[in-house]
J.: 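To start, I am sharing the structure in question, which I have written as structure tokens.
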Amino acid sequence: MTTETDLLDKLRTCVDSDTGRDYVAMKAVRDLRLEGGQVSLTIALPYPARSRHAEIAAQVEAALKAVPGVLDVAVKVEARIEAHTVQRGLTPLPGVKNVIAVASGKGGVGKSTTAVNLALALAAEGARVGLLDADIYGPSQPLMLGLQGQKPESPDGKSILPMQAHGIQAMSIGFLIDAEQPMVWRGPMVTQALMQLLNDTRWDNLDYLLIDLPPGTGDIQLTLSQKVPVTGAVIVTTPQDIALLDARKGLKMFEKVGVPVTGVVENMAMHICSNCGHVEAIFGEGGGGRMAVEYGVELLGQLPLELSIRLATDQGKPSVAAEPDGKVAALYKAIARKVAVKVGEKAKDFSAKLPKIVIQNT
């Protein structure tokens with residue numbers, strides 16, 4: 001007679017390609033039922049992977065149907081994303097489960113393009129996602145999201161509603177000022193503006209909030225690492241030595257302030273000719289991989305220097321939104337899943353479930 005133990009033993013042979021672990025070890029098997037040869041269960045992933053749901057369901061169904069006595073299998077695949085631990089002394093933001101910082105040591109490496117496409121990729125995989133443009137001096141996300149010239153609403157005169165674009169929530173200083181107005185502000189004003197944008201925006205039940213940081217390791221980065229509950233950081237670089245030199249500084253900064261680095265994304269890893277498809281490593285090869293090995297972090301992926309990526313962002317519809325089933329979108333989705341898997345492996349945050357102690361004078 002078939003038992004639940006038999007089913008679980010078989011499920012241990014089903015390995016998730018994104019985590020390298022079986023679904024039982026991942027504690028992803030939920031609501032397992034066996035009645036008269038009919039099996040039903042839910043695979044609850046700790047990260048979004050909508051593009052793989054059918055594949056996972058087919059994998060589990062085929063495995064369980066091979067168990068003697070099983071006649072039919074009904075598999076439901078879903079994501080159950082939790083809040084995870086942040087820096088000591090901080091708790092997750094209201095309405096936001098996990099904050100992911102996207103940073104680079106220097107400008108010009110495609111960090112903002114990477115940030116917006118990763119946000120869209122996480123959303124495409126089924127997560128609720130927000131994007132905060134933390135570059136006060138040079139906000140670019142309004143243009144990239146096709147929201148240039150639009151203004152957010154304030155329902156109470158104190159807080160603001162995030163803008164909506166391509167299925168994600170977004171906020172930027174660029175929504176609040178004229179596009180040609182220079183921000184001639186000193187450091188304290190910039191950091192105060194960042195905290196207001198972060199805290200006064202009514203983020204609506206986000207699984208992930210990506211923060212597109214300005215390049216460097218200055219006031220904004222330090223404020224973020226000390227005052228904002230960050231679950232993890234992604235470092236964007238290009239393969240050449242000058243970019244890697246500065247990317248290392250960004251990585252070391254996060255290490256010093258207790259923010260775990262999720263991994264490195266190597267942008268512009270190779271150029272793909274739009275005419276003949278010839279691939280050429282214009283900026284060198286393997287730099288991001290060497291950096292990842294050197295610091296014991298993961299190389300999350302390599303992205304091409306491709307004309308379509310630049311055109312799509314300039315037109316306000318980044319690659320993942322413009323061609324959701326294209327090759328470039330697939331690359332961003334694979335990187336996004338790796339980031340989400342890394343976040344999902346962290347310890348969960350239980351601060352919201354702890355009772356609040358109130359002392360009253362009687």
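Side-chain atoms are counted along with the backbone in the values below, which use heavy atoms only and exclude waters and symmetry mates.
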J.: Does Lys227 have more than 12 heavy atoms from other residues, nucleotides or ligands lying within 6.0 Å of its NZ?
T.: no
J.: Could you tell me whether Lys333 and Glu125 have a side-chain N and a carboxylate O separated by less than 4.0 Å?
T.: no
J.: Checking side chain to side chain contact (heavy atoms under 4.5 Å, CB included) for the pair Gln302/Asn267: CA distance, chi angles, key distance, verdict?
T.: CA-CA 6 Å; Gln302 296 172 297; Asn267 198 27; over 6 Å; no
J.: Check whether any side-chain N or O of Gln87 sits under 3.5 Å from a backbone N or O of Val228 as a donor-acceptor pair, and report yes or no.
T.: yes
J.: Hey, are the side chains of Thr42 and Val77 touching, using non-hydrogen atoms and a 4.5 Å cut-off?
T.: no
J.: Please report the interatomic distance CZ(Arg202) to CE(Met171), rounded to the nearest 0.5 Å.
T.: 12.0 Å
J.: Could you grab the distance from atom CG of Leu8 to atom CG of Leu64, nearest 0.5 Å is fine?
T.: 9.0 Å
J.: Within the side chain of Thr231, is there an N or O that forms a donor-acceptor pair under 3.5 Å with the backbone of Val99?
T.: yes
J.: Using a cut-off of 6.0 Å, state whether more than 12 heavy atoms not belonging to Gln240 lie near its atom CD.
T.: yes
J.: Tell me, do Ile335 and Leu303 make a side-chain contact under 4.5 Å, heavy atoms counted?
T.: yes
J.: Considering only NZ, NE, NH1 and NH2 on the basic side and carboxylate oxygens on the acidic side, decide whether Lys76 and Glu78 come within less than 4.0 Å.
T.: yes
J.: Output yes when a side-chain donor or acceptor of Lys317 lies under 3.5 Å from a complementary backbone atom of Leu145, and no otherwise.
T.: no
J.: State plainly whether one hydrophobic cluster holds both Tyr295 and Leu245, where clusters connect Ile, Leu, Val, Met, Phe, Trp and Tyr through side-chain heavy atoms under 4.5 angstrom apart.
T.: no
J.: Between Leu45 and Ile56, is any pair of side-chain heavy atoms under 4.5 Å apart?
T.: yes
J.: For Met268, which fellow cluster members are found when Ile, Leu, Val, Met, Phe, Trp and Tyr are connected by side-chain heavy-atom distances below 4.5 angstrom, either directly or through intermediates?
T.: Ile282, Phe283, Leu305
J.: Checking Ser154 side chain against Ser159 main chain: does a donor-acceptor pair fall under 3.5 Å?
T.: yes
J.: How far apart are the closest heavy atoms of Ser140 and Asp133, and which atoms are they?
T.: N-OD2, 3.0 Å
J.: Check whether any side-chain heavy atom of Val60 sits under 4.5 Å from a side-chain heavy atom of Ile43, and report yes or no.
T.: yes
J.: Quick one: do Asp18 and Arg337 satisfy salt bridge (Lys or Arg N to Asp or Glu O under 4.0 Å)? Show the steps, please.
T.: CA-CA 7 Å; Asp18 281 316; Arg337 286 199 305 273; 3.1 Å; yes
J.: Taking Glu285's backbone N and O only, do any of them form a donor-acceptor pair with Arg290's side chain (distance below 3.5 Å, no angle check)?
T.: yes
J.: Find the distance between CE (Met163) and OG (Ser172) and round it off to the nearest 0.5 Å.
T.: 10.5 Å
J.: For Val234, run the side chain to side chain contact (heavy atoms under 4.5 Å, CB included) check against Ile100, Leu210, Thr114, Val297 and tell me which one passes.
T.: Ile100
J.: Are the side chain of Ser319 and the backbone N or O of Ala329 linked by a donor-acceptor pair below 3.5 Å?
T.: no
J.: Rounded to the nearest 0.5 Å, what separation is found between the CG atom of Asp135 and the CG atom of Leu213?
T.: 9.0 Å
J.: Please round to the nearest 0.5 Å and tell me the distance separating atom CG of Asn98 and atom CG of Leu209.
T.: 10.0 Å
J.: Taking only Lys NZ, Arg NE, NH1 and NH2, and the carboxylate oxygens of Asp or Glu, determine whether Glu61 and Lys65 approach each other closer than 4.0 Å.
T.: yes
J.: Using side-chain heavy atoms (C-beta onward) and a distance below 4.5 Å, is Asp16 in contact with Met26?
T.: yes
J.: Would you name the heavy atoms of Ile309 and Pro304 that are closest together and state the gap between them?
T.: CD1-O, 3.6 Å
J.: Can Met195 be reached from Leu176 by stepping across I, L, V, M, F, W or Y side chains whose heavy atoms are under 4.5 Å apart?
T.: yes
J.: Taking atom NZ as the centre, does Lys151 end up with more than 12 heavy-atom neighbours from other residues, nucleotides or ligands that are less than 6.0 angstrom away?
T.: yes
J.: With distance as the sole test, does Glu266 use its side chain to make a donor-acceptor pair with the main-chain N or O of Gly288 at under 3.5 Å?
T.: yes
J.: Please lay out, stage by stage, how Val73 and Leu41 fare under the test side chain to side chain contact (heavy atoms under 4.5 Å, CB included).
T.: CA-CA 8 Å; Val73 179; Leu41 73 158; 4.2 Å; yes
J.: Is there a chain of hydrophobic side chains (I, L, V, M, F, W, Y, each step under 4.5 Å between heavy atoms) that links Val86 to Leu194?
T.: no
J.: Go through the side-chain N and O atoms of Ser17 and Arg52 and say whether any donor and acceptor fall under 3.5 Å apart.
T.: yes
J.: Checking side-chain polar atoms at under 3.5 Å, does Tyr47 have a donor or acceptor matched by the opposite partner on Asp207?
T.: no
J.: A side-chain contact here means heavy atoms from C-beta on lying under 4.5 Å apart; do Val116 and Gln141 qualify?
T.: yes
J.: Any idea which heavy atoms bring Glu294 and Arg248 closest together, and the distance?
T.: OE1-NH2, 2.9 Å
J.: Using 0.5 Å steps for rounding, measure from the CZ atom of Arg33 to the CG atom of Leu7.
T.: 13.0 Å
J.: Is it true that Asp212 and Ser112 share a donor-acceptor pair across their side chains at a distance under 3.5 Å?
T.: yes
J.: Test of understanding: clusters of I, L, V, M, F, W, Y form through side-chain heavy atoms closer than 4.5 Å, transitively. Do Leu143 and Leu120 belong to the same one?
T.: no
J.: Please lay out, stage by stage, how Val236 and Val102 fare under the test side chain to side chain contact (heavy atoms under 4.5 Å, CB included).
T.: CA-CA 7 Å; Val236 181; Val102 182; 3.8 Å; yes
J.: Is the shortest heavy-atom distance from the side chain of Thr113 to the side chain of Tyr332 under 4.5 Å?
T.: yes
J.: State plainly whether the residues Lys10 and Asp6 are in salt-bridge range, i.e. N to O under 4.0 Å.
T.: no
J.: Indicate yes or no for a side-chain donor-acceptor contact from Thr201 to the backbone of Trp203 under 3.5 Å, with no hydrogens or angles considered.
T.: no
J.: Got Cys14 and Asp22 here, is their nearest side-chain heavy-atom distance under 4.5 Å?
T.: no
J.: Quick check on the hydrophobic clustering: are Leu198 and Leu90 connected, directly or via other members, by side-chain heavy-atom contacts under 4.5 Å?
T.: no
J.: Does Arg128 come within less than 4.0 Å of Asp204, counting only side-chain N to carboxylate O?
T.: yes
J.: Quick one: does any side-chain atom of His166 pair with a main-chain N or O of Gly316 as donor and acceptor, under 3.5 Å?
T.: yes
J.: Could you tell me which non-hydrogen atom of Ile81 sits nearest to which non-hydrogen atom of Pro48, and how far apart they are?
T.: CD1-CD, 3.8 Å
J.: If you apply the rule salt bridge (Lys or Arg N to Asp or Glu O under 4.0 Å), what do you find for Lys97 with Glu82, and how did you get there?
T.: CA-CA 7 Å; Lys97 292 178 182 175; Glu82 304 279 353; over 6 Å; no
J.: If every non-hydrogen atom of Ser308 is compared with every non-hydrogen atom of Val328, which pair is closest and at what distance?
T.: OG-CG2, 4.5 Å
J.: Apply side chain to side chain contact (heavy atoms under 4.5 Å, CB included) to Gln164 and Gln169, showing your working.
T.: CA-CA 5 Å; Gln164 304 283 334; Gln169 301 170 37; 3.6 Å; yes
J.: Please report the shortest heavy-atom distance between Ser104 and Val109, naming the atom on each side.
T.: CB-CG2, 3.6 Å
